[in-house]
Number of protein chains: 2
Amino acid sequence: MKGLLIVISAPSGTGKTTLVNMLMKEIPTLEFSISCTTRKPRPGEVNGKDYYFLSLEEFEKKIENNELLEWAEVYGNFYGTPKDKVLQALKEGKDILLDIDTQGALQVKKNYPDAVLIFILPPSLKELEKRLKKRGTEDPETIERRLLIAHKEISLATKYDYIIVNDQIERAFENLKSIITAERWKTHRIKEQFDEIINDKEMLELLKSGA
Amino acid sequence: MKGLLIVISAPSGTGKTTLVNMLMKEIPTLEFSISCTTRKPRPGEVNGKDYYFLSLEEFEKKIENNELLEWAEVYGNFYGTPKDKVLQALKEGKDILLDIDTQGALQVKKNYPDAVLIFILPPSLKELEKRLKKRGTEDPETIERRLLIAHKEISLATKYDYIIVNDQIERAFENLKSIITAERWKTHRIKEQFDEIINDKEMLELLKSGA
């Protein structure tokens with residue numbers, strides 16, 4: 001059976017990283033997609049493990065050749081999801097998880113409509129503000145900028161397949177797991193198994209002879 | 001939040017009744033839809049509890065007035081799902097379970113596209129044959145007829161939203177539960193909750209003043 005391409009997005013402070021980590025631990029067949037980037041490797045980062053490190057020319061070529069499921073420019077560096085690696089893994093039956101922003105997610109859906117897009121929502125913007133303040137790592141201006149971006153991102157959530165509200169992490173996790181399980185049994189995805197049953201030759205003969 | 005209309009079909013001998021009973025026990029918000037029928041009440045059957053017992057004229061009027069989500073004639077009696085009762089219950093946030101055949105299920109989908117159609121598949125037709133024989137209640141001819149009907153029903157399963165293979169009852173049950181959970185978080189279903197978050201007036205003012 002082909003794997004699932006799962007795309008998760010959430011505003012900063014929604015608890016997405018925690019949920020993604022729980023998910024990776026729970027589902028052993030789930031793999032993170034390794035992005036490619038034009039950013040320089042940081043000390044300790046390994047090519048092909050943390051990122052595929054590319055030159056700007058190489059990256060541009062990938063865009064031109066339509067070899068990326070999605071890409072974006074962030075602070076002067078380019079980041080993208082290599083299409084061939086993802087499609088190959090899916091073909092091998094692996095489930096791939098992409099943890100990307102709304103812009104990227106919608107690009108993926110366009111290039112691979114079978115992707116499952118899940119948006120994780122904070123219980124309220126006020127709650128999100130509270131969580132961001134609680135972190136204590138960001139100044140008021142950064143928090144306000146994050147809230148503005150959050151609001152913009154949330155307004156794109158209606159284009160996702162699912163929206164989960166993270167009001168309680170265990171519940172959100174259960175919902176996330178259920179979505180992944182359920183998606184495996186979508187009719188178009190189990191076609192192989194289905195055809196085997198419906199086209200069982202021996203049985204068909206038996207039915208025909210009896211009819 | 002509006003309830004879910006869940007429609008489950010399966011060939012006889014697939015284990016559907018067991019799964020449906022497990023589901024009713026597990027999900028307290030889940031309710032069985034009460035069908036209407038022109039069949040005479042059997043001793044002990046209560047109108048409005050087991051069935052809504054109708055005269056043929058009353059039933060025909062319901063068909064004409066498009067008051068049934070689906071209906072069928074079985075051995076000279078009519079059976080149908082009353083639309084008003086189901087829609088009212090869904091509006092009240094109750095989840096409704098319909099346990100009907102493929103013909104009925106596809107009628108429901110046509111009349112209420114938001115219904116979630118789940119087909120339960122035996123692991124193979126041979127396994128289904130084995131299970132039917134094991135029951136020991138039916139003669140070979142009846143078993144063969146059931147297999148023929150099963151094959152016809154299975155060929156309509158591709159029109160369902162989900163196909164679950166009941167190779168192991170606990171696993172099938174988990175998948176069934178996951179589908180119901182996942183469907184609650186489909187984007188179009190949580191619109192209310194979503195609008196509340198995105199249109200939070202106080203927060204919008206705050207964002208605007210800061211922007």
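Residue numbers start from 1 in every chain, and the chains themselves are labelled A, B, ... in the order their sequence lines are given, proteins ahead of strands. Quick caveat, the model's predicted, so the values are computed rather than measured. Side chains are part of it too, since the values below use all heavy atoms of this structure and drop only hydrogens, waters and symmetry mates.
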Quick test of your reading: applying salt bridge (charged side-chain N to carboxylate O under 4.0 Å, His left out), list the pairs with at least one residue in residues 145-155 of chain A, sequence neighbours left out, ordered by first then second residue. A:Glu138-A:Arg146
For B:Phe194 and A:Ser155 the tightest heavy-atom approach is CZ-CA, 4.5 Å
With a 4.5 angstrom heavy-atom cut-off, is it the side chain or the backbone of B:Glu127 that approaches chain A, or both, or neither? neither
Measure B:Ala157 against the heavy atoms of chain A and call it side chain, backbone, both or neither at under 4.5 Å. both
Within a 6.0 Å radius of atom NZ on A:Lys186, are there more than 12 heavy atoms belonging to other residues, nucleotides or ligands? yes
Can you list the residues of residues 20-37 of chain B that sit under 4.5 Å from chain A, counting heavy atoms only? none
Proximal to chain A - members of residues 163-179 of chain B, heavy-atom separation under 4.5 Å: B:Ile163, B:Ile164, B:Val165, B:Arg171, B:Asn175, B:Ser178, B:Ile179
Nearest 0.5 Å please: distance from the OG1 atom of B:Thr187 over to the NZ atom of A:Lys159. 11.0 Å
Separation between OH (A:Tyr162) and NE2 (B:His188), nearest 0.5 Å, reads 10.0 Å
Enumerate by number any residue of residues 92-124 of chain B whose heavy atoms lie under 4.5 Å from heavy atoms of chain A; in the absence of such residues, state 'none'. B:Leu121, B:Pro122, B:Pro123, B:Ser124
So which residue, A:Ile180, A:Leu147, A:Ile154, A:Thr181, ends up with the most heavy-atom pairs under 4.5 Å with chain B? A:Ile154
